[in-house]
2 protein chains.
Amino acid sequence: MKVDGIPYRSIWLNENGWAVDIIDQTRLPHEFMVKSLGSMQDAAEAISVMRVRGAPLIGATAAYGLALAMREDSSDENLVNAAETLLATRPTAVNLRWALARMQQVLTTVPGEQRVAMAYALAAKICDEDVAINHAIGRHALDVIRNLWQQKPTGSETFHILTHCNAGWLATVDWGTALSVIYQAFDDGIPVHVWVDETRPRNQGAALTAWELKSHGIPHDVIVDNAGGHLMQHGLVDVCITGTDRTARNGDVCNKIGTYLKALAACDNEVPFYVALPGPTIDWQMTDGVNGIPIEQRDAEEVTHVAGKNSEGRVDSVQITPDGVSACNYAFDVTPARLVTGLFTERGVCKASEEGLLGLYPEEME
Amino acid sequence: MKVDGIPYRSIWLNENGWAVDIIDQTRLPHEFMVKSLGSMQDAAEAISVMRVRGAPLIGATAAYGLALAMREDSSDENLVNAAETLLATRPTAVNLRWALARMQQVLTTVPGEQRVAMAYALAAKICDEDVAINHAIGRHALDVIRNLWQQKPTGSETFHILTHCNAGWLATVDWGTALSVIYQAFDDGIPVHVWVDETRPRNQGAALTAWELKSHGIPHDVIVDNAGGHLMQHGLVDVCITGTDRTARNGDVCNKIGTYLKALAACDNEVPFYVALPGPTIDWQMTDGVNGIPIEQRDAEEVTHVAGKNSEGRVDSVQITPDGVSACNYAFDVTPARLVTGLFTERGVCKASEEGLLGLYPEEME
């Protein structure tokens, strides 16, 4: 998407034809800095210190990391070692494992001298596929959004979308998932205004979603996570759209903590609540999301401390609680399917139910 | 309540018999500092810069401010001038106006030489009445809480209460409203654990409620405002108790933004949701809270910036959004009566409805 009028992806080949450029996301939202990755070690470091984050982008970066490794030494031994090093950067990331396995599977079948070209081509393909999936999510959703906009009373000037966390292009190679819908609605001429939940504790909404929307020129307001209920109660939200980290077979969606509260408010006020996702994040083995998906607890310091730019312009962190206070930090929650109006996928829009999902992904029928 | 084992009120007469001591709440939660108010100007300053906050405490401080003024000059002219100065510190505070009017009404009827003693006596009475009201709220509620605790399965070790914002003794002279219930349940031997919503944007939960509970020795965990839904969904909340700034005749309650979202989650998971309030905050003219109560919008900087103690131990503020981002800041929301299990008042517990309220306050029948 655009940054001050110039189209970007979150990862791309440097004009020298072999280095890989990324946006250093640890500097956002306070500074926009492009960083060149010149080696496999650079790629591993970028993933582990979260210069790149978001499952699809991590996978894409690892794929290019393997290409950089092949450029240095295309032996079988280095292929195995590089893949191990890259995998160890974020051991629980499913896309990382998937991208590396896919690269290895192909590269082991070709002789060493062809591996560099093959690795770059496949990494580019992985990126392009992600872009195509995310674009398709937004394209299918656009019909729903256009319809909701056309249902508003004549004379309405704004179409208000509320989103939670960052399901934007920075977490993918381009477009994002929930934000893909918003970008395409905006580009289609719908007068979009976005309510951006700040998304405590890590404030990905206030930092990243706000930065994306501002950079692309989409009108928006950052709000505290507490505000959405009031806005919906007073007719100030036309639709909610969020992403999801994991979708259960029954349509329950696991997303950033607080998503469930917004879905409750949407239901109470008859505001449509949609969730955008790429098919590969559906967990077909998980039949009951609410009771089955384990919820990670993270460091309490994410609750007791808040990071931002201080009065001197430097990034610092402030403690908002008394010294030594106890805090508890669940990272995700599960929104039951009954509160979800529908799912936006790369294959189309469906009900949040097993039947709905199988209608789009019939190959998953048992 | 107690601070490290020593009982405190939020305002009290200095041992010299005429100055008035307060806890400087602008220093909390990072520093506990008592400040002596030696003049009416000191009292006015303490209110206007929010060294004291919370409607009942503001009223009490203004009452003592008038006593300090009488000590300096007990003339009719000074009585009028001092009352005007004190009223101007927080022009929209209803309790402030009420306390000053009550003081003036009595003081104008007695000759100048008796005014000092009378003013101190009446200020002390205003404080004691507030303490008695708040204590009674908790005492009546205790039956409900004890009952809920006894209904838990045998072998339960903890009774989990979730609260939002700060309805504690720091906002009143002692006990608080919602927290009065918690203090009395704890002192009664119920094994209370409190989930403390941080309460963005101003973090009164993370700062003040956490400080109160820690100081009194009540087990608690600070959580982000996003977390309560997940906790309720998984049986980790036994009851929600909040305060309210304004209660409508129909039982709708206006409280800090985000209260409505917690009430929705409580309803969805069959968790009792109670609201604690002193009778004087009921607005008998307001027949429909959701549609009738205007909601104040405050400075966007409360959303874009967060204050706390920085890495060098000083209080600072950090910007969490990109430069120049737009933000929107509604301060309160209204929870419809249908989501409120009951109201805790100084006269007893009632349904959140006109019928329920009139049962306790029959003098308000038309």
Side-chain angles (χ1 to χ4, degrees), chain A residues 28-30 195 198-201 203 206-207 210-211 214 219-231 233-234 256-262 264-265 268 290 295 300 303-311 315-330 332-334, chain B residues 28-30 195 198-201 203 206-207 210-211 214 219-231 233-234 256-262 264-265 268 290 295 300 303-311 315-330 332-334:
Chain A
L28 293 177
H30 307 297
W195 297 112
E198 63 173 341
T199 321
R200 281 279 287 149
N203 291 332
W211 183 85
K214 188 167 186 288
H220 63 280
D221 277 284
V222 176
I223 51 175
V224 294
D225 301 309
N226 283 325
H230 172 74
L231 295 173
Q233 199 179 46
H234 290 272
K256 188 68 37 163
I257 190 87
T259 304
Y260 168 46
L261 292 169
K262 293 303 138 62
L264 284 167
D268 199 45
V290 171
I295 301 297
V303 177
T304 58
H305 290 66
V306 177
K309 190 167 73 170
N310 71 10
S311 47
V315 171
D316 196 6
S317 146
V318 293
Q319 174 187 320
I320 62 169
T321 51
D323 285 342
V325 109
S326 179
C328 178
N329 184 16
Y330 289 94
F332 303 94
D333 64 20
V334 178
Chain B
L28 292 177
H30 307 298
W195 297 112
E198 63 173 340
T199 320
R200 283 278 289 148
N203 290 333
W211 184 85
K214 188 166 187 288
H220 63 280
D221 277 285
V222 176
I223 50 176
V224 294
D225 300 310
N226 283 326
H230 171 72
L231 296 173
Q233 199 180 46
H234 290 272
K256 187 69 35 160
I257 189 87
T259 303
Y260 168 47
L261 292 170
K262 294 304 138 64
L264 285 167
D268 198 46
V290 170
I295 302 297
V303 176
T304 58
H305 289 65
V306 178
K309 191 167 73 170
N310 71 9
S311 47
V315 171
D316 196 7
S317 146
V318 293
Q319 175 187 320
I320 62 169
T321 50
D323 285 343
V325 108
S326 178
C328 177
N329 184 16
Y330 289 94
F332 302 94
D333 64 21
V334 178

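Chain A is the first sequence line, chain B the second, and so forth, proteins listed ahead of strands; every chain is numbered from 1.
- Of all the listed residues (B:Pro322, B:Gly258, B:Gly308), the one sharing the greatest number of non-hydrogen pairs under 4.5 Å with chain A is B:Pro322.
- Put simply, of A:Asn329, A:Asp225, A:Val290, the one with the most heavy-atom pairs under 4.5 Å next to chain B is A:Asp225.
- Heavy atoms of B:His30 lying under 4.5 Å from chain A belong exclusively to its side chain.
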Open item on the list: Under the criterion side-chain contact (heavy atoms from CB on, under 4.5 Å), I'd like the reasoning laid out for B:Ile223 against A:Tyr330: C-alpha separation, chi angles, the key distance, then a yes or no.
Closed with: CA-CA 9 Å; B:Ile223 50 176; A:Tyr330 289 94; over 6 Å; no
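- When atom types are taken as modelled, the side chain of B:Gln233 and the backbone of A:Val334 share a donor-acceptor pair closer than 3.5 angstrom.
- Interface summary for chain A: among B:Ala327, B:Pro201, B:Ala300, the most heavy-atom pairs under 4.5 angstrom belong to B:Ala327.
- A:Thr321 contributes atom OG1, which lies 11.5 Å from atom CG of B:Asp221 (distance to the nearest 0.5 angstrom).
- One N or O on the side chain of B:Lys214 and one on the backbone of A:Asp323 form a donor-acceptor pair closer than 3.5 Å.
- Checking side-chain atoms of A:Asn226 against main-chain N and O of B:Arg200 turns up a donor-acceptor pair under 3.5 Å.
- If you measure heavy-atom distances from B:Val315 to chain A, you find no contacts under 4.5 Å at all.
- Looking at B:His234, only its side chain comes within 4.5 Å of chain A, counting heavy atoms on both sides.
- We find the NZ-CG distance between B:Lys262 and A:Leu261 to be 5.5 Å, quoted to the nearest 0.5 Å.
- The heavy-atom pair separating B:Ala210 from A:Val325 by the smallest distance is CB-CG2, 3.8 Å.
- In this structure, the separation between CD1 on B:Ile295 and NE2 on A:His230 is 5.5 Å, given to the nearest 0.5 Å.
- Atom CG of residue A:Leu264 and atom CG of residue B:Asp268 lie 5.0 Å apart, to the nearest 0.5 angstrom.
- Between chain A and the options B:Ala265, B:Gly229, B:Ser317, the largest number of non-hydrogen pairs under 4.5 Å is found for B:Gly229.
- Summarising the geometry of B:Asp316 relative to A:Ser311, their closest heavy-atom pair is OD1-OG, 3.1 Å, with the distance given to 0.1 Å.
- Taken to the nearest 0.5 Å, the NZ atom of B:Lys309 stands 13.0 Å off from the CD1 atom of A:Ile320.
- Only the side chain of A:Leu231 comes within contact range of chain B, judged by heavy atoms closer than 4.5 Å.
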